[in-house]
Amino acid sequence: MWQAVPYPLDPRFLGRRHLLPTWLQEWPFWMALVIWSFLPSRMTGIWQVFGLPVRSRELLVILLVCLYGMGFVTRPKTRAENAGWHRDLPIALGFTLLYALLSLAWSNLKAEDAAKMAYPLVSNGASAYLGYMLITKQSGAGTRKFLWRLTIFMAVVAAVYSAESLFSLGLRSPVAIFTGDGMDRVKGPLFQSSTGYFILLPALAFALQETADGRVPRFLGGAVVFTLLVAILGLGSRAGILVLSVFLVIFAFVHGRRPGHLILVAALTACLVGACLVVFSHATTTRLTKTESDRSYNWATSWEIAAGRSLVANLAGSGYGSWWPWYATEMSIEGRDIAKARLDSRVTRYGILLYHAHSTILALVIELGLVGFLFAVTLVGTLFRAALRSGHISCFAWGVAVSTISLLFDLFLFMTPTRDLVWWVYVFGLLRLMPPTRGRLHARTEPCSRVRLMGPSATAWDVRRRFEDEPRDWESILSTPTSPSREPGSVEISSTS
């Protein structure tokens, strides 16, 4: 018998409507993102909160997660929110952050420094959960629209930062300008030249995905892709060039074999050549050809640390901030240049260490031990598994997955919450757009073999597969028109008895 039931995102299923439309609920986030992206760091100060020095920019992240968290906790949970689309990533992150807080007890830090190191865990944890809440508030179709708005914003930010580097518009303070490579490297309040690729690559991948799928005008999509490529190349980061190259090779391999996608690969190649001409007509390649780096000290010394301590110490970790108390160091110089203060490195009994790990993986393994290692494996494994089974969003999925290679080259996820929030939004957006895995769906009415969507905004998470052994063509399923004989916002289920 056919039975019509309301799909989970229908307001009648929730029992009440939201007081504000979704786009209006997003305004606090967009206003904060404008501040983080364009307000110079010299115009934001350090406040004392409960005796702890706190950057006012990062405090805004905590305020936003409290604002969105109230609605997240109080409103009824839908089946889509509890269907496991996030692959339990928020739980793994929360456990890791809690362990990091507890590990401060054996990190051999002074009480004052331990309190300072606890604050970045709170602010960066708030950043990750804010990204999760922002995606959870979206419907299936709304997730793509939200990610596209974010991608357009990132392209605008990249265009402004690149224009300042290429044409010296006077937006930067003179002390922040370095032209040793022919031009000032692309950077700004949201990201630095050594870390910007971490969030620009997922934005580039999503722009390519929407352009390939024909969801946006191709001229607009091409302009966004070109702008983001110019910014990534203008960063002058060797790690950024490496990560971008890996993504481009995968993109060419995946899409070059598909009929009709050779034009897309050719267009991307043309954009890449054009971006290279724009950047390297002003900049030199001297920095990109250098192979020596002070960051090698961290890896060599970390190896000595791991080899020189017991198995129990390696499993438990030495405690968060025990080897790299970077936040306490930054707060101790009160805004001065850390290199001029001669605090950018220090000598330990195992060797030389820079003031922060310059590698997320290194910090997780050395300071948090087995827990940090398992979190890294969970995060990277989740995103690469998603890329391998992404199907209709393979370009976007591979872009997000490849961006995790960046965790080897700098300290992400624990240092700059305003920047990493953008990455978390793309991560949870990808997981939300993924087709459901068997056993994780929550359409538990009765066993069924086929389902037809009746709501135009319903997602793959709201239903079972149409046939158990049929290939999942989600685009055709989601485009099924609403039946005039059924109530809008419903799922029609055929049960087998």
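Note that the numbering runs from 1 along the sequence shown for the chain.
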With rounding to the nearest 0.5 angstrom, report the OG1 to CD1 distance, T348 to I305. 5.5 Å
When rounded to the nearest 0.5 Å, the distance separating CG of L272 from CG of L244 is 6.5 Å
Would a 4.5 Å heavy-atom cut-off, applied to side chains only, mark Y129 and Y68 as touching? no
Counting only heavy atoms not in D344, do more than 12 fall under 6.0 Å of its CG? yes
Looking at T329, is its backbone amide N or carbonyl O close enough to the side chain of S332 to form a donor-acceptor pair, meaning the two atoms are under 3.5 Å apart? yes
How many angstroms lie between CD1 in I91 and OG1 in T96, if you round to the nearest 0.5 Å? 11.5 Å
How about Y320 and L102: do any of their side-chain heavy atoms sit closer than 4.5 Å? no
Where does the angle between the aromatic ring planes of H358 and Y355 fall among parallel (under 30°), tilted (30 to 60°) and perpendicular (over 60°)? perpendicular
Can you list the steps and then say if Y350 with W303 is a ring-ring contact (aromatic ring centres under 6.0 Å, His included)? CA-CA 9 Å; Y350 294 104; W303 175 261; over 10 Å; no
Just wondering, more than 12 heavy atoms not from W47 lying within 6.0 Å of its CH2? no
Please list, chain by chain and in numerical order, all residues satisfying side-chain hydrogen bond (donor to acceptor under 3.5 Å, both in side chains) with Y327, sequence neighbours excluded. none
Locate the shortest heavy-atom distance separating L362 from A357; write the atom from each residue and the value. CD2-O, 4.2 Å
Throw together a table of side-chain donor-acceptor distances under 3.5 angstrom for residues 396-405, partners on residues two or more places apart or in other chains.
residue	atom	partner	partner atom	Å
S403	OG	V400	O	2.5
S403	OG	W423	NE1	2.9
T404	OG1	A401	O	2.5

Quick one: which residue pairs count as a salt bridge (charged side-chain N to carboxylate O under 4.0 Å, His left out) with a foot in residues 96-120, not counting sequence neighbours? E112-K116
Just by modelled atom types, is the S322 backbone N or O under 3.5 Å from a matching donor or acceptor in the S107 side chain? no
Does any non-hydrogen side-chain atom of T143 lie less than 4.5 Å from one of F428? no
Distance (rounded to the nearest 0.5 Å) between L60 CG and L39 CG: 10.5 Å
Is there a side-chain contact between I241 and S237, using heavy atoms and a 4.5 Å cut-off? no
If you take all heavy atoms of S359 and W299, which pair is closest and at what distance? OG-CZ2, 3.5 Å
Can you name the nearest heavy-atom pair linking L104 to A118, along with the distance? CD1-CB, 3.8 Å
Would you say M133 and V65 make side-chain contact, with heavy atoms under 4.5 Å? yes
Are F409 and S194 side-chain neighbours, meaning at least one heavy-atom pair lies under 4.5 Å? no
Please check: side-chain N/O of T360 versus main-chain N/O of F412, any donor-acceptor pairing under 3.5 Å? yes
Report yes or no: does T382 contribute a side-chain atom to a donor-acceptor pair with the main-chain N or O of T378 at less than 3.5 Å? yes
At their closest point, which heavy atom of E58 faces which heavy atom of M415, and how far apart are they? OE2-O, 4.1 Å
Whether S193 side chain and R185 backbone form a donor-acceptor pair below 3.5 Å: no
Donor-acceptor contact below 3.5 Å, side chain R346 vs main chain L353: no
Would you say the ring centers of Y132 and W85 fall short of 6.0 Å from each other? yes
Report the C-alpha distance between M154 and V224 in whole Å, list the side-chain angles of each, state the deciding distance to 0.1 Å, and finish with yes or no for side chain to side chain contact (heavy atoms under 4.5 Å, CB included). CA-CA 9 Å; M154 291 304 301; V224 171; over 6 Å; no
Please list, chain by chain and in numerical order, all residues satisfying side-chain hydrogen bond (donor to acceptor under 3.5 Å, both in side chains) with N298, sequence neighbours excluded. W324
Is a side-chain donor or acceptor of S165 paired with a backbone partner of Y161 at a separation under 3.5 angstrom? yes
For E330, is there an ion pair with R55 - N to carboxylate O distance below 4.0 angstrom? yes
If the threshold is 4.0 Å, N to carboxylate O, is there a salt bridge linking K187 and E164? no
Can you name the one residue among L33, T416, L130 that meets side chain to side chain contact (heavy atoms under 4.5 Å, CB included) with L421? L130
With a 4.5 Å limit on heavy-atom distance, are the side chains of F153 and S37 in contact? yes
Flag, side chain of W323 to backbone of H356, donor-acceptor distance under 3.5 Å: no
Would the F146 and W30 ring centres measure less than 6.0 Å apart? yes
Beyond-backbone contact of V427 with L89, side-chain heavy atoms, under 4.5 angstrom: yes
The reported gap from CG in L354 to OG in S296 (rounded to nearest 0.5 angstrom) is 8.5 Å
Within the distance-only criterion (no hydrogens, no angle test), does the side chain of W36 pair as donor or acceptor with the backbone N or O of R57 below 3.5 angstrom? yes
Return the minimal non-hydrogen interatomic distance between V425 and G131, and the atom names on each side. CG2-CA, 3.8 Å
E210 with R144: basic N within carboxylate O range, under 4.0 Å: yes
P417 and N124: which non-hydrogen atoms are nearest, and at how many Å? N-OD1, 3.4 Å
Atom CZ of residue position F373 - does it have more than 12 heavy atoms of other residues, nucleotides or ligands inside 6.0 Å? no
Using a distance-only test with no angle check, is there a side-chain donor-acceptor pair under 3.5 angstrom linking T151 and Y426? yes
N/O donor-acceptor pair under 3.5 Å between H282 side chain and V278 backbone: yes
Other residues, nucleotides and ligands only: do more than 12 of their heavy atoms fall within 6.0 Å of CZ on F95? no
Go through the steps to decide whether S127 and W424 satisfy the test side chain to side chain contact (heavy atoms under 4.5 Å, CB included), and finish with yes or no. CA-CA 8 Å; S127 171; W424 282 115; 4.2 Å; yes
Which pairs with one or both residues in residues 405-417 pass salt bridge (charged side-chain N to carboxylate O under 4.0 Å, His left out), sequence neighbours excluded? R295-D410
Please tabulate, one pair per line, all N/O donor-acceptor pairs under 3.5 Å involving side-chain atoms of residues 195-207, not counting sequence neighbours.
residue	atom	partner	partner atom	Å
T195	OG1	Q192	N	3.4
T195	OG1	R419	NH1	3.3

CG (L364) and CG (L407) are apart, to the nearest 0.5 Å, by 8.0 Å
Can E304 and R349 be said to form a salt bridge (charged side-chain N to carboxylate O under 4.0 Å, His left out), step by step? CA-CA 10 Å; E304 295 296 330; R349 65 181 182 272; over 6 Å; no
